Amino acid sequence: MEIPLLSDIVIILGLAVVVILLFQRFRLPTILGFLATGVIAGPHGLSLISATHDIETMAEVGVILLLFIIGMEFSLRNLALIKRTVLLGGTAQVLLTIGAVAVVMQLFGFSWGEACFMGFLIALSSTAIVLKLLQDRGEINSPQGRVVLGVLIFQDIVVVPMMLLTPLMAGGAQNIAWELLVMALKGAFIIVFTLLSARYLVPRLLYLVARTKSRELFILSVVVICFAVAWLTSSLGLSLALGAFLAGLIISESEYSHQATSNILPFREIFTSFFFVSIGMLLDFSFMLQHLPVILGFTLLVFLLKGSGAALAARLLQYPLRIALLVGLSLFQVGEFAFILSKTGIQYGLLTQETYQYFLSVSLLSMGITPFILGYAPKIAAWLTERFGSKEDGQAQGTSTDASAEFPNLNDHILIIGYGINGKNVARAAKHANIPYVIVELNAVTVKHERQLGEPILYGDAVHGNILHHVNIHQARVVVIAISDPEATKRIIVSIRQMSDKVHIIVRTRFVQEMEENYHLGADEVIPEEFETSIEIFTRVLSKYLMPRDQVEAFTRLIRSDNYEMLRSMTNRGNGIGGFEVDLPDIEVASLRIFTSDKDLVNKPLHELDIRNKFYITVVAIKRQGTTLLNITAGTELKQGDVLYVVGKPDAVMRFSNYLKSE
């Protein structure tokens with residue numbers, strides 16, 4: 001029995017493996033590989049696929065699962081932490097882009113509805129591509145990374161009301177007021193249904209399912225919830241994608257959301273791959289070649305309009321020009337949700353086939369050049385800042401630029417650049433040691449809050465020499481650079497060394513690969529997080545083996561003094577480091593609770609139990625009802641629930657532990 005769809009699936013997945021392997025070799029995103037697979041295999045390419053309708057159906061399932069996962073990962077609590085960036089930055093970027101694109105499209109003769117809808121499409125960026133590239137570059141926690149993340153979250157949310165507004169923009173409704181009322185009623189019903197389901201119905205249902213401990217039943221229940229809510233919204237005349245998002249949102253408020261996400265992720269990856277392949281299949285490559293100059297012009301126009309809108313949004317959040325430019329260079333492309341929204345536009349006649357082909361070509365081209373633009377973004381932003389930025393770009397309005405006047409003790413001080421976790425810890429330590437310090441931070445909200453608490457903190461971009469001058473870099477003894485932007489870190493080191501040769505620069509990095517270049521640029525000490533975490537873990541391991549504290553400290557000093565060579569290379573394995581030998585005692589200290597009610601153990605004195613001869617362990621202390629008993633004698637009795645602190649060989653401790661747990 002031959003199944004036509006099966007051969008198409010084999011062709012798509014087989015070709016995707018080859019294409020993605022090639023793309024990975026050049027470090028290009030996987031999504032671009034799927035899009036290229038669709039272009040090659042589609043009707044405008046080699047025409048390898050016959051069952052295009054079935055592939056599109058599988059792509060629809062991919063869209064449902066994609067939005068379902070986004071809904072499950074969407075947390076109102078987490079959103080509250082970056083609400084200002086999401087709401088202000090995201091709203092500004094989307095509205096500025098829609099407005100600019102709509103004006104340009106009307107100049108080309110498009111109707112108001114078509115122009116605004118095109119603005120909807122262009123306003124959406126690629127969450128998958130941008131976040132993957134920022135994660136690979138270690139910039140997801142940098143100032144520009146936080147802004148980009150907030151804007152992308154807002155875009156993922158705003159696509160839902162965009163879908164709801166599309167039918168009204170198409171002008172299909174005779175009575176706009178009535179349609180708005182109907183939409184409002186439908187929306188109110190969906191909101192009430194979502195809240196009731198999230199609070200009462202779904203948590204109770206998933207609890208009953210989880211009690212069965214059946215993984216198959218749990219997965220089935222989650223999938224049923226997803227498609228049932230999607231079917232409900234579709235029945236109300238709303239989109240399947242909206243229902244899937246709401247279904248994910250319902251489950252996200254339950255304690256089972258993480259398990260549900262891990263179960264659905266494999267299905268999502270498979271079906272969303274078909275979605276991106278189906279988008280690639282729609283692209284008419286011959287059309288793209290015939291109209292290449294026009295398409296390149298539109299791509300450049302999208303780059304300028306959308307990049308400028310994103311940069312302006314970052315400026316509204318009070319970030320300096322350099323950070324704003326990095327945000328604009330990260331968000332200029334058209335994203336995957338625009339493809340989902342475009343199908344709604346075709347359905348309601350807001351996109352003609354010719355316009356759709358232009359849109360597809362520009363979108364795929366903008367996504368294709370994103371990795372290259374992001375790779376050169378720091379250099380582009382630096383060049384533009386130097387030529388068009390003002391001297392005040394490193395400072396905020398309303399912040400005193402004369403730090404020496406505001407903080408008169410800025411002499412022989414510590415300059416802390418970046419007020420994240422590491423920066424805060426350095427500041428606390430400096431305050432405890434009565435060492436003067438000043439902080440430079442790029443997040444205006446953080447600066448305002450900390451200044452109210454009395455912290456000596458200034459808003460500014462330490463990449464610029466003027467902010468370094470205002471914090472008396474010439475009189476500082478130490479500079480601690482604790483930011484999550486490797487490119488900015490390098491430029492800060494260069495700026496500091498141009499102004500002072502004597503200040504001691506300590507740099508925190510994420511990866512050891514960044515150490516050598518930072519040293520070359522002028523850093524005195526570079527502390528890589530990945531190795532320091534490993535050292536901390538291993539010192540605790542050595543402590544568990546009861547190695548003397550002085551030996552543990554000598555061991556860690558030796559690793560650091562050799563620039564972590566032992567952790568980077570296995571050549572010294574088994575031979576110590578530079579003659580340093582470790583002698584680990586074969587004893588263990590453990591805390592064991594008495595669970596058993598055995599009368600041969602409980603309520604009997606230690607001299608009768610003879611634990612030392614029976615189990616070869618020694619009881620050194622007992623914790624009973626919150627009180628620690630240190631004066632252990634032969635007459636001390638053991639009680640059920642006691643925590644015994646014992647010393648012995650590991651195997652003896654294990655045997656005694658099992659005995660205490662026995663019935």
Side-chain angles (χ1 to χ4, degrees), residues 31-32 35 89-130 147-148 151-166 169-170 241 276 279 282-283 288 291 294-314 324 327-370 373-374:
I31 289 177
L32 297 183
L35 293 170
T91 302
Q93 182 272 325
V94 169
L95 292 180
L96 286 170
T97 304
I98 292 173
V101 172
V103 169
V104 171
M105 294 302 291
Q106 284 201 306
L107 293 177
F108 282 97
F110 286 83
S111 68
W112 178 86
E114 293 170 334
C116 285
F117 182 74
M118 186 58 70
F120 283 3
L121 298 180
I122 302 301
L124 302 175
S125 304
S126 176
T127 302
I129 292 178
V130 174
V147 177
V148 167
V151 171
L152 288 173
I153 289 174
F154 181 82
Q155 290 179 3
D156 290 346
I157 299 170
V158 81
V159 72
V160 175
M162 283 180 176
M163 287 181 176
L164 298 177
L165 289 172
T166 299
M169 292 170 56
F276 289 112
I279 294 299
L282 296 173
L283 178 66
M288 184 176 181
H291 302 85
V294 178
I295 289 170
L296 290 175
F298 278 131
T299 304
L300 178 61
L301 189 61
V302 167
F303 177 87
L304 294 174
L305 291 177
K306 190 172 183 182
S308 300
L312 286 172
V327 171
L329 292 168
S330 300
L331 294 173
F332 72 90
Q333 75 292 125
V334 182
E336 51 272 7
F337 281 110
F339 299 134
I340 300 172
L341 188 59
S342 66
K343 293 188 176 181
T344 307
I346 293 174
Q347 178 183 349
Y348 289 99
L350 289 174
L351 280 180
T352 64
Q353 282 302 319
E354 183 180 10
T355 306
Y356 184 58
Q357 284 300 323
Y358 276 115
F359 162 72
L360 280 178
S361 301
V362 170
S363 302
L364 297 183
L365 191 57
S366 68
M367 293 171 74
I369 64 175
T370 296
I373 296 294
L374 271 178

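Predicted model, so just to flag it, every value in this text is computed and none were measured.
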Original post:
Hey, are the side chains of Thr344 and Met162 touching, using non-hydrogen atoms and a 4.5 Å cut-off?
Top reply: no
Original post:
When rounded to the nearest 0.5 angstrom, what is the spacing between CD1 in Ile98 and CD in Gln93?
Top reply: 8.5 Å
**OP:** Would you please name every residue forming a side-chain contact (heavy atoms from CB on, under 4.5 Å) with Ala311, sequence neighbours left out?
**Re:** Ala324
**OP:** Please report the shortest heavy-atom distance between Gly89 and Ala313, naming the atom on each side.
**Re:** O-CB, 3.5 Å
**OP:** Among residues two or more places apart or on two chains, list those pairs meeting side-chain hydrogen bond (donor to acceptor under 3.5 Å, both in side chains) that have a residue in residues 356-369.
**Re:** none
**OP:** Verify, without hydrogens or angle tests, whether Glu354 (side chain) and Leu351 (backbone) share a donor-acceptor contact under 3.5 angstrom.
**Re:** no
**OP:** Would you please name every residue forming a side-chain contact (heavy atoms from CB on, under 4.5 Å) with Leu296, sequence neighbours left out?
**Re:** Leu292, Leu365
Original post:
Say you draw a straight line from CG of Leu32 to OG1 of Thr370; how long is it, rounded to the nearest 0.5 Å?
Top reply: 7.5 Å
Original post:
Who are the side chain to side chain donor-acceptor pair (under 3.5 Å) partners of Ser308, not counting sequence neighbours?
Top reply: none
Original post:
Between CG of Leu35 and CZ of Phe339, what distance do you get to the nearest 0.5 Å?
Top reply: 6.0 Å
Original post:
What residue pairs, at least two apart or across chains, pass side-chain hydrogen bond (donor to acceptor under 3.5 Å, both in side chains) with a residue in residues 98-126?
Top reply: Ser111-Glu114, Ser125-Gln155, Ser125-Lys306, Ser126-Glu336
Subject >> Considering all heavy atoms, the nearest Ala102-Ala115 contact >> reply: O-CB, 3.5 Å
Subject >> Considering all heavy atoms, the nearest Ser342-Phe359 contact >> reply: CB-CE2, 3.7 Å
Original post:
Any side-chain heavy atom of Leu329 sitting closer than 4.5 Å to one from Leu374?
Top reply: no
Subject >> For Thr91, side chain to side chain donor-acceptor pair (under 3.5 Å) partners two or more places apart >> reply: none
Original post:
To the nearest 0.5 Å, what is the distance between CG (Leu341) and CG (Leu165)?
Top reply: 10.0 Å
**OP:** Check whether any side-chain heavy atom of Met367 sits under 4.5 Å from a side-chain heavy atom of Ile129, and report yes or no.
**Re:** yes
Subject >> For Leu312, all residues meeting side-chain contact (heavy atoms from CB on, under 4.5 Å), sequence neighbours excluded >> reply: Leu96
Name the atoms and distances for all side-chain donor-acceptor pairs under 3.5 Å in residues 116-123, with sequence neighbours left out.
none

Original post:
For Val159, what residues pass the side-chain contact (heavy atoms from CB on, under 4.5 Å) criterion, not counting sequence neighbours?
Top reply: Leu124, Met163, Phe337
**OP:** Given side chain to side chain contact (heavy atoms under 4.5 Å, CB included), test Val130 with Gln333 step by step and report yes or no.
**Re:** CA-CA 9 Å; Val130 174; Gln333 75 292 125; 3.4 Å; yes
Subject >> Separation of Thr97 OG1 from Leu305 CG (nearest 0.5 Å) >> reply: 8.0 Å
Subject >> For Phe303, ring pair (Phe, Tyr, Trp, His ring centres under 6.0 Å) partners two or more places apart >> reply: Phe332
Subject >> Separation between CG of Leu350 and OG1 of Thr355, rounded to the nearest 0.5 Å >> reply: 10.5 Å
